[in-house]
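I have placed the structure first, in the form of structure tokens, so that the comments after it can refer back to it.
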Amino acid sequence: MKSELLATFRATFLRSPEFIARAPGRIEFIGNHTDYNGGTVLGAAIDRGVWVGLARREDQQRRFSSGQRRDIVATSAGAPQRRSGAESWVNYPLGVIAALGEFGLRAPAGFDYLAVSNLPTGAGLSSSAAIELASALTFVASMGESPPRETLVKVARHAENHFVGVPCGILDQGVSGFGRRDHLVFIDCRGPSFDLVPLPAGAHFWIFNTHTKHALVDGLYAERHRECMEAAAALGVAQLVEVSPAMLAAAEGKLRPSLAKRARHVVEEIARVSACVAALRTENLTDAGRLLVASHRSSQRLFENSTAELDFLVDALVIVPSVYGARLTGGGFGGAVMALTSPEFGDAEARQIAAAYTQAFGTAPDILHAKTGDGAALQ
Ligand code: GLA
């Protein structure tokens with residue numbers, strides 16, 4: 001990807017970038033909608049991502065281009081203004097510029113900027129966090145700054161929450177920032193604190209992207225967020241992480257049935273994340289796989305953010321002997337399923353799943369045998 005970035009940068013801006021950064025996409029391994037509830041979550045950075053190149057300009061123009069859309073979006077150096085339509089992808093780097101100020105950092109007044117990606121978009125692999133982190137890295141480097149990685153992760157999340165407008169937690173940006181090859185990132189979202197858990201040898205990831213996206217996906221994500229906050233308030237805590245399973249059992253009656261289901265999912269999912277860390281630390285992929293399936297069932301029945309397509313894939317995958325477990329990955333309401341498999345699961349098995357899916361839904365899912373990769377860094 002670096003050579004593609006360099007070639008496209010030169011063709012677009014007739015010069016070379018001074019700073020280059022890469023940030024990976026991520027897989028949500030387990031911990032569905034736990035992050036903004038102060039809980040814990042496990043994710044993996046993958047070996048695909050977004051590359052950003054940047055060269056400073058003498059004037060006050062900020063010019064953005066991407067590998068997908070060759071046209072240039074030009075803005076002035078003032079406070080970033082939101083873009084819409086075909087230009088809306090620029091809201092990610094613009095959001096980062098706006099967020100930097102909140103952390104005492106800055107972007108240059110003028111620059112040429114290019115982003116290229118080999119991450120499938122809309123696959124639930126968080127291309128948005130990747131572009132935010134790669135942008136943040138080039139902006140601060142071009143100002144001679146090298147803030148701690150944790151600050152960059154917070155900048156990226158701030159951009160997503162306050163400029164892009166998604167009330168997400170810190171999972172995507174945290175994993176893209178702290179990922180490491182052959183490891184999972186464990187995040188305790190209350191700190192937040194970031195740790196690495198080795199991925200046992202012989203564990204493989206397969207992603208099945210349904211390309212389905214609920215028309216109201218952003219609204220539904222925000223609705224789940226609101227329901228969780230409402231449940232926490234009714235239970236007398238600031239965040240659902242403070243609720244133990246016993247507390248919930250005693251107080252569940254205070255909640256409307258839908259809120260009780262959301263709360264139960266979050267409380268039990270946080271416990272599953274801890275159990276999964278323990279399983280991984282003892283290299284017990286069978287137990288880890290069982291927890292993944294339990295997580296999916298909980299998303300399906302209690303959090304109600306799965307779809308018929310995602311359930312179909314999980315049901316088809318879990319009966320394959322080389323599959324340890326499978327679950328929806330990311331926000332839900334469409335998107336992708338992740339399977340944790342042994343090395344025996346290969347293209348033939350994946351094609352069989354895809355064929356059954358095509359028969360049921362009339363379209364083929366995209367399949368990605370994803371490898372883990374390193375977190376965001378200057379190149
Ligand atoms: C999306 C959000 C994350 C997280 C997941 C669900 O990926 O960006 O912050 O909430 O959904 O676990």
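Counting convention: from 1, in listed order, for ligands and their atoms alike. From a predicted model like this one, the values you see are computed outputs, not experimental measurements.
Closest to atom 2 (C) of ligand 1 among all protein heavy atoms lies Tyr221 OH, 3.4 Å. For atom 8 (O) of ligand 1, the closest heavy atom belonging to the protein is Asp172 OD2, 2.5 Å. In this structure, atom 3 (C) of ligand 1 lies nearest to the protein heavy atom Asp35 OD2, 3.3 Å.
Nearest to atom 5 (C) of ligand 1 by heavy-atom distance, out of His33, Gln173, Arg26, Glu28, is Glu28.
Taking the six-membered ring for Trp and the full ring otherwise, Phe345 and His204 have centroids separated by 6.0 Å or more. Ring centroid separation for the pair Phe361 and Phe312 comes in under the 6.0 Å cut-off.
There is a side-chain donor-acceptor pair under 3.5 Å between Ser298 and Arg272. Using modelled atom types and a 3.5 Å distance limit, the side chains of Ser127 and Tyr92 yield no donor-acceptor pair. No side-chain donor-acceptor contact under 3.5 Å links His296 and Asn32.
Residue Gly331 places at least one N or O, backbone or side chain, under 3.5 Å from an N or O of ligand 1.
Ligand-side atoms of ligand 1 in range of Gly31: 12 (O), range being under 4.0 angstrom from any heavy atom. Listed by atom number, the atoms of ligand 1 under 4.0 Å from Gly169 heavy atoms are 9 (O).
Contacts with ligand 1 closer than 4.0 Å are made by heavy atoms of both the backbone and the side chain of Asn32.
Residues Arg256 and Glu230 are paired through a salt bridge, judged by an N-O separation under 4.0 Å between the basic side chain and the carboxylate.
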